[in-house]
Undergrad: 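Below are the structure tokens for one structure; questions will follow.
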Amino acid sequence: MPEGNVAPGDPAVQERAAWHARAGLLLGNFTIGCGVMVAPGSLNDLARSLEVPVAVGGQLTSVGAVAMCLGAPLLAAALAGFDRRRLLTLSLLWFAVGHLLCALAPNFAVLLPLRAAAVLAAAVFTPQAAAAIGHMSTPQQRGRAITTIFLGWSVASVLGAPLHAWISEVFGWRWAYGLVAGLSLAGMAVVWRVIPDGVRPPALSLASWRRVFTHPVLMAMVAVTALFSAGQFTPFAYIAPWLRQVRGASPEAVSLFFFWFGAFGVMGNLLLSRHVDRIGPARATGWMIAAMALGMALWPLSTGMTSLLLLITPWAFGCFASNSAQQARFGLAAPELAGALMALNTSAIYLGQALGAGGGGLLLAASGYDVLPWVGLAWLLAAWALSHWAARQPLHLHPDDRT
């Protein structure tokens, strides 16, 4: 019997099982984060190896993002009745097989659709993990539980992105994709072990989906995620080649940049997880977006690696915490609609990535690297303004959408 499937009468055992479930889903999100970050992290060697321009290679990020953007709400609706233990385990298996096939792809034309298919698993795992842990948690612990499992994304940015950058520079990009496949298999085994049978958040009717899509405040909150994701990925998808081509950074320096960025991302997410239920996720979202905007505005003032690392620290601090705050925001705003909202939020993340990476590639080809942080800043300021507006509006939820 899996550890999470415990007798209901023992609070200590229940608490231990809940901790194991959070840890298992955190590991799953770490795997998903590593898979998403492998495209920008390995872009330098991939572009060289497959003989494609950097702007073309960057479309691995945008095409994968489009697949996840479209897949998240559609798959959430199609798979709503599935037991979450099996659904989450199978999604990690798909992620593993997909990235193994990517590692074996003979050319870019084959790699591109394989990558799009592989990352559909991320469109399933991330929102359904959040919905599952929210369903398993009490209302008082729901915000912290959701933000805790998103620490996996932050840890992926600390360990995964710099490791991908280093592996691809030293051994080749195929080994970086192979690492994702191996991590996915390990995550699959852990999730199967710690998630109990019978976790089934309430399935949403067509009427519930319609209420979500026609609710102006909820959809504005979803749009906030798309805007700040676009702001981040306009420059972030091209940071590795920018460091090498413009700053002349070594492979070790590129890895150091990603490690620094991710380390402060973890700090931001840890602090958010501890305090989100006290300060409120809407306010936390605004603070994290403001921090990112500050870092983006300071970036062009850097003159070397040391000043660059210092100036982008506010951006790094808010990078992953902003999405965690948004997930908690949805989980608390309308718990009965959380599955749909988190799927749409995941969709918005990847829509923003597609807009950012795709638009950034066009800007890069037309005007070079210098314009990217300023366009990213404009996206972030728009996200902050919309988030502030949404936080001040009454939700006026349908009675069925409240706990």
Side-chain angles (χ1 to χ4, degrees), residues 27 29-54 56-58 60-61 64 95-96 98-105 108 111 115 118-119 122 151-187 232-233 235-267 269 299 302 304-310 312-313 315-316 319-320 353 357 369:
L27 175 61
N29 266 329
F30 170 76
T31 298
I32 295 297
C34 283
V36 171
M37 298 301 292
V38 72
S42 63
L43 181 55
N44 276 329
D45 181 68
L46 186 144
R48 287 194 302 265
S49 175
L50 298 183
E51 299 180 345
V52 297
V54 166
V56 173
L60 280 173
T61 298
F95 209 57
H99 280 86
L100 180 59
L101 293 175
C102 285
L104 300 174
F108 190 80
L111 175 62
R115 169 70 173 172
V119 296
L151 284 170
W153 269 86
S154 299
V155 176
S157 71
V158 175
L159 301 178
L163 190 59
H164 290 323
W166 183 80
I167 288 175
S168 64
E169 292 286 349
V170 176
F171 299 104
W173 67 271
R174 297 180 188 276
W175 287 96
Y177 279 76
L179 173 64
V180 175
L183 287 172
S184 300
L185 291 175
Q232 294 192 77
F233 269 79
F236 192 83
Y238 304 98
I239 278 182
W242 175 79
L243 287 169
R244 293 299 303 275
Q245 297 173 18
V246 177
R247 290 295 174 88
S250 66
E252 292 77 15
V254 175
S255 295
L256 172 63
F257 175 91
F258 283 118
F259 182 85
W260 178 278
F261 194 94
F264 279 92
V266 167
M267 291 182 194
N269 221 349
W299 174 12
S302 66
M305 181 59 73
T306 300
S307 63
L308 173 66
L309 293 178
L310 292 174
I312 58 90
T313 295
W315 174 18
C319 178
F320 292 98
Q353 288 185 13
Y369 289 101

Undergrad: Evaluate the side-chain proximity of L309 to L256: yes if any heavy-atom separation is below 4.5 Å, no if none is.
TA: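 When only atoms from C-beta onward are counted, L309 and L256 do touch, with a gap below 4.5 Å.
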Undergrad: Decide side chain to side chain contact (heavy atoms under 4.5 Å, CB included) for R115 and F108; before the verdict, give the C-alpha distance in whole Å, the side-chain angles of both, and the deciding distance to 0.1 Å.
TA: CA-CA 10 Å; R115 169 70 173 172; F108 190 80; over 6 Å; no
Undergrad: In this structure, which one of L101, L46, V52 forms a side-chain contact (heavy atoms from CB on, under 4.5 Å) with L111?
TA: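 Answer after filtering L101, L46, V52: L46.
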Undergrad: Out of curiosity, C34 SG to L163 CG, how far, rounded to the nearest 0.5 Å?
TA: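 So the SG of C34 and the CG of L163 are separated by 7.5 Å.
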Undergrad: Between NE2 of H99 and OG of S184, what distance do you get to the nearest 0.5 Å?
TA: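 Answer rounded to 0.5 Å: 7.0 Å.
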Undergrad: Could you tell me whether F258 and F261 have their ring centroids closer than 6.0 angstrom?
TA: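 Ring centres of F261 and F258 not closer than 6.0 Å.
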Undergrad: Please step through side chain to side chain contact (heavy atoms under 4.5 Å, CB included) for the pair F171 and S168, ending with a clear verdict.
TA: CA-CA 5 Å; F171 299 104; S168 64; over 6 Å; no
Undergrad: Drop me the distance from W173's CH2 to S42's OG, to the nearest 0.5 angstrom.
TA: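 It comes to 7.5 Å.
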Undergrad: Would L183 and L27 count as a side chain to side chain contact (heavy atoms under 4.5 Å, CB included) if you check the C-alpha gap in whole Å, the side-chain angles of each, and the deciding distance to 0.1 Å?
TA: CA-CA 9 Å; L183 287 172; L27 175 61; over 6 Å; no
Undergrad: So, for F95 and V119, which heavy atoms are closest and what is the spacing to 0.1 Å?
TA: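 Heavy atoms of F95 and V119 come nearest at CE1-CA, 4.1 Å.
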Undergrad: Which heavy-atom pair separates N44 from P241 by the least distance, and what is that distance?
TA: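 Nearest pair, atom of N44 first, then P241: OD1-CA, 3.3 Å.
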Undergrad: Output the distance between atom CZ (R174) and atom CG (D45), rounded to the nearest 0.5 Å.
TA: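 Those atoms lie 9.5 Å apart.
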Undergrad: Is there side-chain contact between P235 and W299, with at least one heavy-atom pair below 4.5 Å?
TA: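 Touching, per the 4.5 Å side-chain cut-off.
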Undergrad: Do the rings of F264 and W260 sit parallel, tilted or perpendicular, given the 30° and 60° boundaries?
TA: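 Ring orientation, 0 to 90° scale: tilted.
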Undergrad: Could you tell me whether the side chain of R244 reaches within less than 4.5 Å of the side chain of S250, counting heavy atoms only?
TA: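 The answer is no, as the side chains (C-beta and beyond) never meet within the 4.5 Å cut-off.
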Undergrad: Would you give the length of the straight line joining atom CD1 of I312 to atom CH2 of W315, rounded to the nearest 0.5 angstrom?
TA: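 Here the interatomic distance stands at 7.0 Å.
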Undergrad: Tell me if the centroids of the rings in W166 and W175 come within less than 6.0 Å of each other.
TA: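 No, the ring centres sit 6.0 Å or more apart.
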Undergrad: Quick one: closest heavy-atom pair of G57 and L43, and the distance?
TA: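 For G57 and L43, the tightest heavy-atom pair comes out as C-CD1, 3.5 Å.
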Undergrad: Test side chain to side chain contact (heavy atoms under 4.5 Å, CB included) on I239 and Y369 and set out the steps.
TA: CA-CA 9 Å; I239 278 182; Y369 289 101; over 6 Å; no
Undergrad: In Å, rounded to the nearest 0.5 Å, how long is the span from NE2 of H164 to CD of E169?
TA: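 One finds 13.5 Å between NE2 of H164 and CD of E169.
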Undergrad: List the atom of A176, the atom of I167, and the distance in Å for their closest heavy-atom pair.
TA: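 In this case the closest contact between A176 and I167 is N-CG2, 3.7 Å.
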